[in-house]
Amino acid sequence: MEIIENNRNREEVFSQSLVKAGLISEEQLHQAVKQHQVHGKHLEEVLVEQGLVKPETIIYLKENFMFSETKNDTYNPNNFDISISAKQVFGIMLRIICFLVSTFLITQLVQRFAPDFFLRDGLALLFNLDEELNFPSVYSSFALLFAAIILGFIAYMKNSQQDFYTSYWKWLSITFSFLFFDELVSVHEHMIEPMKTLFNTKGFLSFAWVIPGSIGVLILFLVFLKFIINLPQKTRSNFLIAGAIYIAGCIGCELVGGYIVDNKLGFMPYLIEVTLEEFLEMLGIAIFIYGLFSHISYYGKGVIFKIQIPSKKLRLFN
């Protein structure tokens, strides 16, 4: 597997092409690179913001010079290449999410209303979104782990560029590693009874882990606020949308679920709440991963990585 996204090399090719074309001077480039390193924005964003280059010029150079040169250098007709884009990854994850959610609804309704038959309860348990160590739980856990690995890869790239915000990427990776562990063994659910006893909660706060959970989310948001503000606009939008959807699921829906359970509103309201909660959580992570891959492949026309399988000539011996 060959990672084709190398931001530093692409930025050097791109910036030098601007200088060679006479669009900017070496001094202007030097100042723009400084701003890029300090604020963590993409170099082309800095150039546009400073009014040095028009967006249309950047698009033209990328499509007609920079990428054609890169493709010609790396193309080998003897290699079998598979390129994967951010949209393709998101599409795959979305299909898995829809399958898990729809299967959960079907198996729960069958278990509730259909007569007993072989594997009825077993299938309901395997696809229950509200249980641990089954298909949905394992998928959600490894989606979080996948995000942590990608964040670690971005941190590695940023560190090689001596980027100002490298530490933020590292701590994001650590945070998602913890979320992976929590999803796998449900650490947060062990906080429900102690918090409920401590604060005597009921109703919307019946699942009392949402109290320290909400405080933790607020603290993380304040710690990462500067980092979020200085992200490229597209990455920032993806992250904020993903975060809002995920928190709406894991905390917002959990509040509603606590009210439903505490007031014993029955099977159907709770089924709807659990379905919406888990769907939003899984969708939020999928959008976040899409945002990560889009960030990585910003200069690669959406390509994330390429798998190259070189063909080899076989010699036959008598």
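Just so you know, residue 1 is the first one in the sequence shown, and it goes up from there. Just so we're clear, the structure is a prediction, and the values are computed from it rather than from any experiment.
Here the CG atom belonging to D121 is positioned 11.0 Å from the CG atom belonging to N128, to the nearest 0.5 angstrom. One distance of note links CZ of F142 with CG of L144; it measures 11.0 Å at 0.5 Å rounding. The distance from atom CG of L94 to atom NZ of K87, rounded to the nearest 0.5 Å, is 14.0 Å. In this structure, CZ on F164 lies 4.0 Å from NZ on K226, to the nearest 0.5 angstrom. Summarising the geometry, atom CG belonging to L105 is positioned 9.0 Å from atom CD1 belonging to I272; distances are rounded to the nearest 0.5 Å. Note that CD of E281 is 10.0 Å distant from CG of L276, once rounded to the nearest 0.5 Å.
Side-chain atoms of N159 do not come within 3.5 Å of backbone N or O of T166 as any donor-acceptor pair. A donor-acceptor pair is defined here as one N or O able to donate and one able to accept, closer than 3.5 Å; no such pair exists between the side chain of D182 and the backbone of F178. Side-chain atoms of S137 do not come within 3.5 Å of backbone N or O of N134 as any donor-acceptor pair. Looking only at distances, a side-chain donor or acceptor of R120 sits under 3.5 Å from a matching main-chain atom of A114. Counting only distance, with no hydrogens or angles, the side chain of S173 and the backbone of A148 share a donor-acceptor pair below 3.5 Å.
Surrounding CZ of F181 are at most 12 heavy atoms belonging to other residues, nucleotides or ligands under 6.0 Å away. For F267, the CZ atom counts as densely surrounded, since its 6.0 Å shell holds more than 12 non-hydrogen atoms of other residues, nucleotides or ligands. Surrounding CZ of F227 are more than 12 heavy atoms belonging to other residues, nucleotides or ligands, all under 6.0 Å away. Applying the 6.0 Å contact sphere to CZ of F118 captures no more than 12 heavy atoms from other residues, nucleotides or ligands.
Put simply, the side chain of T275 does not reach to within 4.5 Å of the side chain of Q108, judged on heavy atoms. Side-chain contact check for K202 versus N263: every heavy-atom pair is 4.5 Å or farther apart. Inter-residue side-chain proximity for I289 and I150 is flagged as met; some heavy-atom pair is nearer than 4.5 Å. Within the 4.5 Å cutoff, the side chain of Q50 has no heavy atoms near those of the Q28 side chain. With contacts defined as side-chain heavy-atom distances shorter than 4.5 Å, the pair Y168/L172 does not qualify. T201 has its side chain out of reach of M195: every pair of non-hydrogen atoms, C-beta onward, lies at least 4.5 Å apart. When side chains are defined from C-beta on, F117 counts as touching V110, because their heavy atoms get closer than 4.5 Å. Side-chain contact check for D130 versus Y270: some heavy-atom pair is nearer than 4.5 Å.
Annotation: ring pair (Phe, Tyr, Trp, His ring centres under 6.0 Å) contacts involving residues 190-215, sequence neighbours excluded, comprise H188-W209, F204-Y259.
Between F99 and F127, the ring planes are perpendicular. Angles over 60° get that label, and only those under 30° would be called parallel.
Of all non-hydrogen atoms in P269 and I260, the two that sit nearest each other are O-CD1, 3.6 Å. In this structure, R236 and I228 approach most closely via the heavy-atom pair CD-O, 3.0 Å. Here the closest heavy-atom approach between residue A155 and residue K170 is recorded as CB-CG, 3.7 Å. Contact record, E183 with S141: CG-OG, 3.3 Å, taken as the closest heavy-atom pair. What you find for S206 and K196 is that their closest heavy atoms are O-CD, 3.6 Å. The minimum heavy-atom distance between M191 and P212, with the atom names listed, is CE-CG, 3.3 Å.
Checking each of I245, L129, I96 against M282 for a side-chain contact (heavy atoms from CB on, under 4.5 Å) leaves exactly one that passes, namely L129. Here the options are Y290, W169, F288, the test is ring-ring contact (aromatic ring centres under 6.0 Å, His included), and the partner is H295; only W169 passes.
No path of Ile, Leu, Val, Met, Phe, Trp and Tyr side chains, each step under 4.5 Å between heavy atoms, connects V185 with L125, placing them in separate hydrophobic clusters. Note: the hydrophobic cluster containing V223 also contains L240 (ILVMFWY, side chain heavy atoms under 4.5 Å, direct or indirect links). Hydrophobic clustering of Ile, Leu, Val, Met, Phe, Trp and Tyr side chains at less than 4.5 Å, counting indirect connections, unites L126 with L119. Under the 4.5 Å side-chain heavy-atom criterion for ILVMFWY residues, a single connected hydrophobic cluster contains both F104 and V138. Under the 4.5 Å side-chain heavy-atom criterion for grouping Ile, Leu, Val, Met, Phe, Trp and Tyr, I247 is connected to L220 within one hydrophobic cluster.
Checked against the 6.0 Å centroid threshold, F293 and F146 count as a close aromatic pair.
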Apply the test side chain to side chain contact (heavy atoms under 4.5 Å, CB included) to residues W171 and I174: give CA-CA distance (whole Å), side-chain angles for both, the deciding distance (0.1 Å), then the verdict. CA-CA 5 Å; W171 279 107; I174 293 170; 3.8 Å; yes

F176 vs I285, side chain to side chain contact (heavy atoms under 4.5 Å, CB included): CA-CA, chis, key distance, verdict: CA-CA 10 Å; F176 272 80; I285 296 303; 3.9 Å; yes

